[in-house]
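Remarks on the structure that follows.
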Amino acid sequence: MVENKVALVTGASRGIGRSISLALAAHGAKIVAVDIDLEATKAFVEELKSGGTEAVAVQGNVTVSADVEKMFKVAKETFDRIDILVNNAGITRDALLLRMKDDDWDAVLDVNLKGAFLCTRAAAKLMSKQRYGRIINIASIVGQMGNPGQANYCASKGGLIAMTKSNARELAKRNVTVNAVAPGFIATDMTDALSDKVREELAAQIPMGTLGSADDIANSVLFLASDNSGYITGQVIGVNGGMYM
Ligand code: NAP
């Protein structure tokens, strides 16, 4: 599906980014694993290599232009090309609107939206020349339907969905597709921290009655990263158990 393709994944060392990287690696991709935490990224890359995957770790903050340039330089120097970009790095800084600090707004918009923009711009340069690329943005169901206490996060993910469509239109003629995956509520460290009661209330809002897994997200990314999705661009795939339709 993605044999010998080179994939750069941001926020790769844990959570959903880790599952995405493992799924791409299991189907033959070479992985450029980017994360803020160098030690965690190196350890993850060693794990990938021990499973036979060609991989390289890059420490980088997606909000810093110089770091983003470095990520793509390392990718190009190591593997000579970049076929797949997964903009997965993301943060939350939740607060009700009246209590939300300027910093909470700026930090979330910076990582979730500007970070994806910087990485996409760098990737588009290489992919346009290659006349091949797959860019996948990890958005969120709350960017489609909103959520109290998450004005910053919802705005960043709604913006990411709009940017997905804009970039898809710009890059289509270069055979570079740009799509988004919008996860619903997924069992990760973030949702593990919720009480059983809150998790039950969440599950009750989901037609399928249960939270999703990081592997559910990874499988949809794998499809969008593969040659099987060549005629799909500018789309948002909801992986949410039917919570938003
Ligand atoms: P996570 O476990 O917190 O992982 C996020 C990863 O991104 C971490 O490895 C983190 O590094 C890295 N990161 C954060 N800021 C970064 C930056 N500035 N530059 C580079 N890397 C950075 O989150 P997750 O739950 O797997 O979520 C992954 C994506 O899915 C996010 O975009 C999130 O918004 C989206 N999503 C998640 C859910 C869910 O239910 N979990 C639902 C919808 C959408 P450190 O650990 O070193 O900080």
Side-chain angles (χ1 to χ4, degrees), residues 8-23 31-45 57-72 74 85-94 106-120 122 135-147 150 152-161 163-164 180-194 198-199 202-203 205-206 210-218 220-221 236-241 243-244:
L8 188 150
V9 182
T10 66
S13 63
R14 66 190 181 89
I16 291 173
R18 180 186 166 84
S19 294
I20 291 169
S21 304
L22 287 170
I31 307 293
V32 183
V34 172
D35 221 310
I36 284 195
D37 181 342
L38 180 61
E39 290 316 310
T41 318
K42 275 185 171 167
F44 179 49
V45 160
V58 190
Q59 192 274 336
N61 182 337
V62 294
T63 69
V64 178
S65 280
D67 282 14
V68 172
E69 273 172 35
K70 182 183 73 183
M71 292 166 202
F72 284 86
V74 171
L85 166 66
V86 186
N87 284 311
N88 166 76
I91 61 167
T92 51
R93 289 262 193 102
D94 298 350
D106 290 342
V108 170
L109 270 288
D110 247 22
V111 176
N112 298 5
L113 191 52
K114 185 182 173 192
F117 157 67
L118 292 176
C119 292
T120 301
I135 298 172
I136 300 130
N137 296 320
I138 308 303
S140 170
I141 190 173
V142 301
Q144 300 170 301
M145 58 188 283
N147 203 23
Q150 290 197 308
N152 51 359
Y153 185 75
C154 296
S156 73
K157 296 299 188 179
L160 186 58
I161 288 171
M163 189 172 79
T164 299
V181 170
F185 287 93
I186 305 301
T188 58
D189 291 351
M190 196 170 85
T191 40
D192 282 353
L194 301 172
V198 171
R199 261 207 307 274
L202 273 177
Q205 298 172 50
I206 303 171
T210 176
L211 272 63
S213 72
D215 286 343
D216 291 324
I217 308 307
S220 57
V221 171
V236 184
I237 311 256
V239 183
N240 57 37
M243 190 173 178
Y244 178 78

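Side-chain atoms are counted along with the backbone in the values below, which use heavy atoms only and exclude waters and symmetry mates. Indexing begins at 1, ligand by ligand and atom by atom, following the structure's order.
For Ser213, the side-chain contact (heavy atoms from CB on, under 4.5 Å) partners at least two apart in sequence or on another chain are Asp215, Asp216.
Nearest heavy atoms, Ser156 versus Val108: OG-CG1, 3.9 Å. Minimum heavy-atom separation, Leu211 to Leu202: CD1-CB, 4.5 Å. When all heavy atoms are compared, the tightest approach of Ser65 to Leu118 is OG-CD2, 3.7 Å.
Within the 3.5 Å criterion, the main-chain N or O of Gln150 finds no donor-acceptor partner in the side chain of Asn147.
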Could you pull out the N/O contacts under 3.5 angstrom between ligand 1 and the surrounding protein atoms?
residue: ligand 1; atom: 2 (O); partner: Arg14; partner atom: NH1; Å: 3.2
residue: ligand 1; atom: 3 (O); partner: Arg14; partner atom: NH2; Å: 3.4
residue: ligand 1; atom: 9 (O); partner: Asp35; partner atom: OD1; Å: 3.2
residue: ligand 1; atom: 9 (O); partner: Asp35; partner atom: OD2; Å: 2.8
residue: ligand 1; atom: 11 (O); partner: Asp35; partner atom: OD1; Å: 2.7
residue: ligand 1; atom: 18 (N); partner: Asn61; partner atom: OD1; Å: 2.8
residue: ligand 1; atom: 19 (N); partner: Val62; partner atom: N; Å: 3.0
residue: ligand 1; atom: 26 (O); partner: Ile16; partner atom: N; Å: 2.7
residue: ligand 1; atom: 32 (O); partner: Asn88; partner atom: O; Å: 2.7
residue: ligand 1; atom: 32 (O); partner: Lys157; partner atom: NZ; Å: 2.9
residue: ligand 1; atom: 34 (O); partner: Tyr153; partner atom: OH; Å: 2.5
residue: ligand 1; atom: 34 (O); partner: Lys157; partner atom: NZ; Å: 3.1
residue: ligand 1; atom: 40 (O); partner: Ile186; partner atom: N; Å: 3.1
residue: ligand 1; atom: 40 (O); partner: Ile186; partner atom: O; Å: 3.4
residue: ligand 1; atom: 41 (N); partner: Thr188; partner atom: OG1; Å: 3.1
residue: ligand 1; atom: 46 (O); partner: Arg14; partner atom: NE; Å: 2.6
residue: ligand 1; atom: 46 (O); partner: Arg14; partner atom: NH2; Å: 3.0

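When the options Thr164, Thr120, Thr10 are evaluated for a side chain to side chain donor-acceptor pair (under 3.5 Å) with Asn87, the one that passes is Thr120.
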